[in-house]
Amino acid sequence: MYWLMKSEPSEFSIDDLKRQPKRRAPWTGVRNYQARNFMTREMKIGQLAFFYHSSCAEPGIAGIIKIVSAAYPDETQFDAQSEYFDPKSATDDPRWFNVDVELVKKTRFLPLRELKSIPALSDLHILKRGNRLSITPVSDRQWKLVEKIIAA
DNA sequence: GCCAACGTTGGC
DNA sequence: GCCAACGTTGGC
């Protein structure tokens, strides 16, 4: 099982991750229950994910990251100064969680445009109509195919 | 539990 | 900035 995780590069890009100590950072700001549940229930330490740049001039896959922690409460939900502050979340019953990720490698940039042009990837979640989930599973087959394309 | 209104996402 | 698609909210 692999993953694809979206981030707006103006908020947090792959280069921002690269600059972090140990190239690690908490994946904060997820405020969707389905995406949260993927982190709390299905993600395992050591699993790999594509780092995807969204909501920008050129959306696409920018690199590969690794899950390096179990899910734990997202601190930004308790920070009134944060744009991710959630007044309905209580410290003794947190609503939102995050995992930590580590940069494995920055790859050749693979634009969404190119992903769309590959028929064998038509079942990729982010290519499906109306998909907005910020964290989606990627199958072994899809992962290997994309890796091959990036390497080529 | 239904569902209309509203807010957000994200590519274009 | 537009707008389709989808998630969340809250009155009933």
Side-chain angles (χ1 to χ4, degrees), chain A residues 1-20 25-43 47-67 70-139 141-143 145-150 152:
Chain A
M1 171 73 75
Y2 298 87
W3 304 95
L4 183 145
M5 300 169 76
K6 294 186 197 174
S7 180
E8 300 185 16
S10 59
E11 287 266 329
F12 188 75
S13 71
I14 194 147
D15 290 324
D16 292 328
L17 178 58
K18 197 173 178 178
R19 283 191 285 270
Q20 300 300 308
W27 197 267
T28 55
V30 172
R31 296 294 181 269
N32 170 282
Y33 290 105
Q34 212 181 331
R36 179 202 67 180
N37 292 344
F38 279 140
M39 288 195 288
T40 57
R41 299 175 186 173
E42 306 203 34
M43 273 188 180
Q47 286 180 335
L48 299 176
F50 291 123
F51 190 122
Y52 180 89
H53 282 176
S54 68
S55 287
C56 53
E58 205 176 20
I61 291 172
I64 292 173
I65 55 181
K66 181 163 62 176
I67 312 306
Y72 60 94
D74 180 339
E75 284 182 20
T76 64
Q77 71 194 304
F78 307 122
D79 176 4
Q81 306 307 314
S82 170
E83 61 173 311
Y84 298 117
F85 177 59
D86 183 349
K88 291 177 184 168
S89 188
T91 49
D92 58 353
D93 185 21
R95 183 179 291 196
W96 305 114
F97 290 76
N98 65 266
V99 296
D100 289 343
V101 301
E102 179 183 304
L103 181 66
V104 174
K105 62 177 172 183
K106 192 176 165 180
T107 61
R108 137 168 124 78
F109 188 77
L110 180 52
L112 175 61
R113 184 175 9 94
E114 194 175 337
L115 287 170
K116 282 180 171 174
S117 74
I118 301 157
L121 288 177
S122 60
D123 57 354
L124 201 63
H125 268 88
I126 55 156
L127 298 183
K128 286 188 184 161
R129 199 169 64 105
N131 172 76
R132 300 186 320 188
L133 261 188
S134 62
I135 296 177
T136 50
V138 172
S139 72
R141 183 186 62 78
Q142 292 165 338
W143 181 272
L145 189 52
V146 172
E147 263 198 327
K148 204 166 134 191
I149 293 161
I150 289 171

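Chain A is the first sequence line, chain B the second, and so forth, proteins listed ahead of strands; every chain is numbered from 1. Owing to the predicted nature of the structure, the values given are computational and were not obtained by experimental measurement.
Taking the six-membered ring where the residue is Trp, W143(A) and Y2(A) present parallel rings, their angle staying beneath 30° rather than reaching 60°. Using bins of under 30°, 30° to 60° and over 60° for the plane-to-plane angle, the ring pair F109(A)/H53(A) lands in the tilted bin.
Atom CG in N32(A) sits roughly 11 Å away from atom C1' in dT8(B) (whole-Å rounding). In this structure, the NE2 atom of H53(A) is 17 Å from the P atom of dT9(B), given to the nearest Å. If you take CD of Q34(A) and C1' of dT8(B), they are 15 Å apart, rounded to a whole angstrom. In this structure, L115(A) places its CG atom 11 Å from P of dG11(B), rounding to the nearest Å. Separating the CD1 atom of I135(A) from the C1' atom of dT9(B) is a distance of 15 Å, rounded to the nearest angstrom. To the nearest angstrom, P of dC12(B) lies 15 Å from CZ of R129(A). What separates CG of L124(A) from P of dG11(B) is a distance of 13 Å, to the nearest Å. Distance, R113(A) CZ to dG11(B) P: 13 Å, rounded to whole Å.
A close approach under 4.0 Å does occur between a side-chain nitrogen or oxygen of Y52(A) and OP1 or OP2 of dG11(B).
A salt bridge is defined here as a Lys NZ or Arg NE, NH1 or NH2 lying under 4.0 Å from an Asp or Glu carboxylate O, and D123(A) with K128(A) fails to meet this definition. We find that K18(A) and D15(A) are not joined by a salt bridge, their nearest charged nitrogen and carboxylate oxygen being 4.0 Å or further apart. Note on D86(A) versus R95(A): salt bridge recorded, some NZ/NE/NH1/NH2 to OD/OE distance being below 4.0 Å. Under 4.0 Å is where a charged nitrogen must lie from a carboxylate oxygen, and between R108(A) and E114(A) at least one such pair does.
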| B/S/- contact track for nucleotides 2-7 of chain B, protein heavy atom under 4.0 Å | -----B

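Closest to the side chain of Y33(A), out of dG11(B), dT8(C), dT9(C), is dT8(C).
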